[in-house]
Amino acid sequence: MMAAIPLDDWQFWVVTALALGAAWLVLTPLLPKRRSKSSACPGCPSGNAAEKAPREKRVDLTIAGKRVKP
Amino acid sequence: MSSGTTPRAAPPLRVAMVGNPNVGKTSLFNRLCGVRAKTANFPGSTVEARVGTCAADGAELQLVDLPGIYAIDLELPESKLCRDCLGGRLEGCQPDALLVVIDATNLTRGLRLFRSVATAARPVAVALTMTDLARTRGLSVDPARLSVALGVPCVAANGREGVGIEPLLAAIRGSRDVPATVVAASTRDAWIDETVLAIAGGPNSLGADTDRLTDRLDAAFTHPVLGGAVFVAAMAAIFFAIFRLAELPMTLIEEGFASLGALLSASLPEGALTSLLVDGIVGGLAGTVVFLPQICLLFFLLALLEDTGYLARAAFVMDRVMCRFGLPGQAFVPLLSSHACALPGIMSTRLIPDPKDRLATILVAPFMSCSARVGVYVLLVTLLFPDSGFLAGLAFAGCYALGAVAALLTAAIFRRTIIKGRSRPMVLELPPYRLPDVRAALLTTYDRAVVFLKNAGSVILAICVVMWWISAYPVAEAPAEAVALEARAVDVEASGDADGAGELRAEAETLAARAQQEQSFAGMIGGALQPVFAPLGLDERLTVAVMTSFIAREVFRSTITVLVGQGDSDDDAKVADELAQATRADGSRLFDPATTTGLLVFYVLAMQCLPTLAVTRRETGSWKWALLQLGWMSAVAYLLAWLARLIVIGLGGGA
Amino acid sequence: MPALMTEPEPIRLPLTQLKRGDRAMVAGSSLSDEDRAVLHAMGLDERCTFTVCRASSGGPCIIQLDATRLGLSPDLAKRILTRPCDCPEAGCRADGELPTAQ
């Protein structure tokens, strides 16, 4: 019995594109992310003193994976 | 606003809610926002906050329910998050105003926190909660006097009963900066005591609890023996409720999706897209949604139990046992939750304050037998003990026990080797016992369900699409036997025997499906890896089934029944019967006791869930811990499955 | 010549040695600064008077301070030193009594 890839079937190309998209969705969370240097440091002052502290890079707040616009 | 253009609506007032733990802050938040709330995750922090909106006089308020803190300057993740939020260092969480929630029965602590946030240079309003409880304890607190003392609006409110909500919203809108005189006065040591004297009164002015019932309940629930018995009974009741009550909705969900799949198959033209839609997408959705009843029930019951105040006591009972394995008492909630699904279980490790304890809990949580494994357990224990329901049940329970033991022993090993270090000693506030707030529990459950569907659901669905593709291609020719059966079916149908024709067609389809599975990419992968699994007694077909279930456990049954049986069916006994008769190439039984036992042990212990791996990577912030989890669990599963098989062979249970 | 008569040291007991119903004040600890700060923030500092609700006999020690009930693991409780209110020098507040303004 022979198995074959139906290259002439347009549906094959559509489902393959969808499967590749799905594979990307699966693998992306597993890939190492570029480290953000923007996490606030534990020793940072709070309150008025924070305004005198050197400005740090802000980090994004996400809700359900979507970035919240400020 | 620019002139000549339509005026834009004012941006919503963003209000951060700050308060000690157990003051009723979240109840207020739930009352104000209800389901219009979502869980927010802050990068670099393990702590969650909830963000929601509520309407007040036509204007929108955006509320951020920050985690409860005892002080803002502690080196704990919750305090750090609050510091960052109030300090304006979190994009998207820069509050315009603060709502400080103070417990009327704990004024000293509440005022201490107020004092530390008063310098945040933002308008403040105060919500005074638990005034009903204070009254029952003979304590009276005057919100008006508190307002004068603090220089900001102060309102008594009760989130559970919805009392004082409108005045609270008015107070938030009228919030103002803490007067400089109050800020200056609050720096004195005596300020708190003076303020309490000024605003509180009554015979029991500190609300000290003389509740003998609480004493008696605590004595029982934290007793070394009785406390353990109560805990076991409570957990058994939860488990029983989960598995029994979830049965019907799970069946309905499965049947619903099966009907949908059948409808689509019948309505749409045959082809790859229809097959992807029916088998990949609808099948994938079914595979995700079917777990929702168990997950929802578990979180609902845990939320109720937590609200009663019992869980904090149970944490101490469990601490006695779990500390021997390097885990804190609080780890029992995530580990228990992992019995429904490791995903929300791992996410709930955020309540564990010590980072090492938290990491250890995350790494071992997948050992707890989750819902996805149940189908596999049922199939394999039925194969092992076809004639004894009692032994099958015992084996089923043994699977859960094995998983739990593996989790504890692994934690003990990790805490002595790669995650060494002393844990933070355990101190917990024990909230008062009270009747649980069902509304709050429902909101928590809804929130968790949404998180599960969004986090796990999308990944599982994507996995099912990928799995479908590697099983669908290359396309195998129908075997000659299947073609012959189809031809016979046509003849049988022409002779008027529709049932007979149906059976023949079903058999032809199974043979064709088997050929497809064997010749697909999935089959090729299984064939290539078979030598690795040969010591466990697995042939190529079983290897394919095991490998495909590394992506998602639940596909094992459908894969193996196609490869070995007559296709999947709801009848467990029928499926087990068919599998029991399957043979290897040499004619010996495929599912002999030794192989079945090894397979069962493998499924108890192996890490076979890609969404869990992804969540581990996210929660630990590192690839290395996720890989360690995968590697360790795979090695333990392989080794113990091999040993189990050897033992059963030694006992005469070979083929 | 060194003074022979000195004030006797007030009795200090680990929290694990107190019994149910005993009232005491905190009189030191061998905890890390971080742990001490957490307990302080929860209300357990040198100025508070607490009552033992459950003695630490192999299990958590449960204490009541004002309206707050805290559970402490035995490991933590044994590192907290206390001055029982039996001692006149302890300076305990009466149950439910408001702090005196200074």
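Just so it is clear, the structure is predicted and the values come from calculations on it, not from any experiment. So you know, we letter chains A, B, ... as the sequences are listed, proteins then strands, and number each from 1.
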Which atoms form the tightest heavy-atom contact between B:Arg313 and C:Arg69, and what is the distance? NH2-CD, 4.1 Å
Does B:Arg434, at its CZ atom, have more than 12 non-hydrogen atoms belonging to other residues, nucleotides or ligands within less than 6.0 Å? yes
Distance check, rounded to the nearest 0.5 Å: B:Glu429 atom CD versus C:Leu65 atom CG? 9.0 Å
Quick check: closest heavy atoms across B:Leu74 and C:Val38, and the distance to 0.1 Å? CD2-N, 3.9 Å
Compute whether any side-chain donor of one residue and acceptor of the other, for C:Ser73 and B:Asp319, lie under 3.5 angstrom apart. no
Which one of B:Asn20, B:Leu428, B:Val427 satisfies the side-chain contact (heavy atoms from CB on, under 4.5 Å) criterion with C:Met42? B:Val427
Suppose we screen for side-chain contact (heavy atoms from CB on, under 4.5 Å). Which residues come up paired with B:Ser186, at least two apart in sequence or across chains? B:Arg115, B:Trp191
With the threshold set at 4.0 Å, does a side-chain nitrogen-carboxylate oxygen contact exist between B:Asp215 and C:Arg54? no
Go through the atoms of C:Asp33 and report whether side chain, backbone, both or neither lie under 4.5 Å from a heavy atom of chain B. neither
With only heavy atoms counted, which part of C:Ile62 is less than 4.5 Å from chain B, the side chain, the backbone, both or neither? side chain
Below 4.5 Å from any heavy atom of chain C, which atoms of B:Leu76 appear? Answer side chain, backbone, both or neither. side chain
All heavy atoms of B:Arg320 vs all of C:Pro60, minimum pair found to be NH2-CD, 3.5 Å
Any side-chain heavy-atom pair from B:Met426 and C:Leu76 closer than 4.5 angstrom? no
I need the B:Tyr70 OH to C:Leu44 CG distance, nearest 0.5 Å. 12.0 Å
So, do B:Leu430 and C:Leu70 sit near enough that their side-chain heavy atoms are less than 4.5 Å apart? no
